[in-house]
Engineer: 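Have a look at this one before I ask anything.
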Amino acid sequence: MIKSLHIFFVVSWFACLFYLPRLFVNHAMAETGSDKALLTGLQTRLIKMMRFTMWGTVISAVFLVYSLAGGAWWAYVQQGWFVAKMVLVAALIGYHYYCFAIHHQFVNGTQKRSHVWFRYFNEIPAIILLVVIYLVIAKPF
């Protein structure tokens, strides 16, 4: 049950991590005030879901590691693939909060990056997801 919940929250969080930067691409390209207002509203609502799904991911991960390790969570922490995965998850959490900062810049009218920059920025969670999946399945070290 815990693993199912964790997968649900991870998938939901990544949906948000993929979609919010895409909204930034559209926002950077928007020319009218009404388009910008619409995109700001969409971003605001998505951020609420992002917070919930990120915390669901983190909390379910803690319970999952504890349950899989039979209470010996230290055994996971000592595995190289797990440490690498945690570093990538920490980077995703940083990305997550950086997205919030970008949203605030759009709200305040101070965001000056181009839609091209956001197209590249949008790829970061996909690359991290691919590496994390590899680490979890292959456990290479």
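All residue numbers in this chain count up from 1 along the given sequence. Basis for what follows: all heavy atoms, side chains included, without hydrogens, waters or symmetry-related copies.
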Engineer: Is it possible for you to say whether Leu5 and Ile59 belong to one hydrophobic cluster, with membership spreading through side-chain heavy-atom contacts below 4.5 Å?
Structural biologist: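 Hydrophobic grouping puts Leu5 apart from Ile59.
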
Engineer: Could you go through His103 and Phe24, starting from their C-alpha distance and side-chain angles, then the distance that decides it, and tell me whether this counts as side-chain contact (heavy atoms from CB on, under 4.5 Å)?
Structural biologist: CA-CA 8 Å; His103 168 69; Phe24 294 159; 4.2 Å; yes

Engineer: Indicate yes or no: at least one non-hydrogen side-chain atom of Arg22 is less than 4.5 angstrom from one of Arg119.
Structural biologist: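 SC-SC contact between Arg22 and Arg119 confirmed.
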
Engineer: Could you check if a side-chain atom of Leu129 sits within less than 4.5 angstrom of a side-chain atom of Leu17, using non-hydrogen atoms only?
Structural biologist: no

Engineer: Shared ILVMFWY cluster between Val11 and Leu20, side chains joined below 4.5 angstrom?
Structural biologist: no

Engineer: Take Phe82 and Val65 through the test side-chain contact (heavy atoms from CB on, under 4.5 Å) and record every step on the way to the result.
Structural biologist: CA-CA 10 Å; Phe82 186 78; Val65 168; 3.7 Å; yes

Engineer: For residues Gln111 and Arg113, report the shortest heavy-atom separation together with the two atoms involved.
Structural biologist: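 Between these two residues, the closest heavy atoms are OE1-N, 3.0 Å.
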
Engineer: Mark yes when over 12 heavy atoms from residues, nucleotides or ligands other than Tyr19 sit less than 6.0 Å from its OH; otherwise mark no.
Structural biologist: no

Engineer: Which atoms form the tightest heavy-atom contact between Ala126 and Phe18, and what is the distance?
Structural biologist: N-CE2, 3.6 Å

Engineer: Considering the options Ile124, Ile102, Asn122, which one meets the side chain to side chain contact (heavy atoms under 4.5 Å, CB included) requirement together with Pro21?
Structural biologist: Asn122

Engineer: Just how far is it from atom NZ of Lys3 to atom OG of Ser60, taken to the nearest 0.5 Å?
Structural biologist: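 Rounded to the nearest 0.5 Å, the NZ-OG separation comes to 12.0 Å.
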
Engineer: Do Leu88 and Ile7 share a hydrophobic cluster, counting only Ile, Leu, Val, Met, Phe, Trp and Tyr and linking them when any side-chain heavy atoms are less than 4.5 Å apart?
Structural biologist: no

Engineer: Please check if the side chain of Arg51 supplies one atom and the backbone of Ile47 the other of a donor-acceptor pair under 3.5 Å.
Structural biologist: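 Not confirmed, Arg51 side chain does not pair with Ile47 backbone.
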
Engineer: About how many Å separate CD of Gln43 and NZ of Lys36, when rounded to the nearest 0.5 Å?
Structural biologist: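 So the NZ of Lys36 and the CD of Gln43 are separated by 12.0 Å.
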
Engineer: Assess the residue pair Phe63 and Phe9 against the criterion (ring pair (Phe, Tyr, Trp, His ring centres under 6.0 Å)); give the C-alpha distance rounded to whole Å, side-chain angles, the decisive distance to 0.1 Å, and a yes or no.
Structural biologist: CA-CA 13 Å; Phe63 283 113; Phe9 281 118; over 10 Å; no

Engineer: Let me see the working for Phe8 and Thr53 under side-chain contact (heavy atoms from CB on, under 4.5 Å), right down to the final yes or no.
Structural biologist: CA-CA 9 Å; Phe8 168 78; Thr53 57; 5.9 Å; no

Engineer: What distance separates Leu39 CG from Leu46 CG, expressed to the nearest 0.5 Å?
Structural biologist: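 Rounded to the nearest 0.5 Å, the CG-CG separation comes to 11.5 Å.
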
Engineer: At what distance, to the nearest 0.5 angstrom, does CD of Glu123 lie from CG of Leu130?
Structural biologist: 12.0 Å

Engineer: For the backbone of His104 and the side chain of Asn108, can you confirm whether one donor and one acceptor N or O come within less than 3.5 Å of each other?
Structural biologist: yes

Engineer: Within a strict 4.5 Å, meaning less than it, do heavy atoms of the Trp13 and His96 side chains meet?
Structural biologist: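 Yes, their side chains come closer than 4.5 Å.
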
Engineer: In this structure, are over 12 heavy atoms from other groups packed under 6.0 Å from Trp55 atom CH2?
Structural biologist: no

Engineer: When rounded to the nearest 0.5 angstrom, what is the spacing between OG1 in Thr40 and CZ in Arg45?
Structural biologist: 10.0 Å

Engineer: Evaluate the side-chain proximity of Phe52 to Ser12: yes if any heavy-atom separation is below 4.5 Å, no if none is.
Structural biologist: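 Result no, sub-4.5 Å side-chain heavy-atom pair not found.
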
Engineer: Distance check, rounded to the nearest 0.5 Å: Met50 atom CE versus Phe14 atom CZ?
Structural biologist: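 Spacing of CE (Met50) from CZ (Phe14) equals 10.0 Å.
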
Engineer: Assigning hydrophobic clusters by single linkage (Ile, Leu, Val, Met, Phe, Trp, Tyr; side-chain heavy-atom cutoff under 4.5 Å), is Phe141 placed with Ile133?
Structural biologist: yes

Engineer: Would a single hydrophobic cluster contain both Val107 and Phe100, if residues Ile, Leu, Val, Met, Phe, Trp and Tyr are joined by side-chain heavy-atom contacts under 4.5 Å?
Structural biologist: no

Engineer: Ile93 vs Val58, test: side-chain contact (heavy atoms from CB on, under 4.5 Å). Steps then yes/no.
Structural biologist: CA-CA 10 Å; Ile93 291 171; Val58 170; 4.2 Å; yes

Engineer: Where is the tightest heavy-atom contact between Met49 and Cys16, given as atom of each residue plus distance?
Structural biologist: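 Answer, listing the atom of Met49 first, then Cys16: CG-SG, 3.9 Å.
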
Engineer: Kindly give the heavy-atom pair with the smallest separation between Leu64 and His6, and that separation in Å.
Structural biologist: CD2-CD2, 3.8 Å

Engineer: Anything under 30° is parallel, anything over 60° is perpendicular, the rest tilted; go ahead and classify Tyr95 against Phe121.
Structural biologist: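 Geometry flag for Phe121 against Tyr95: parallel rings.
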
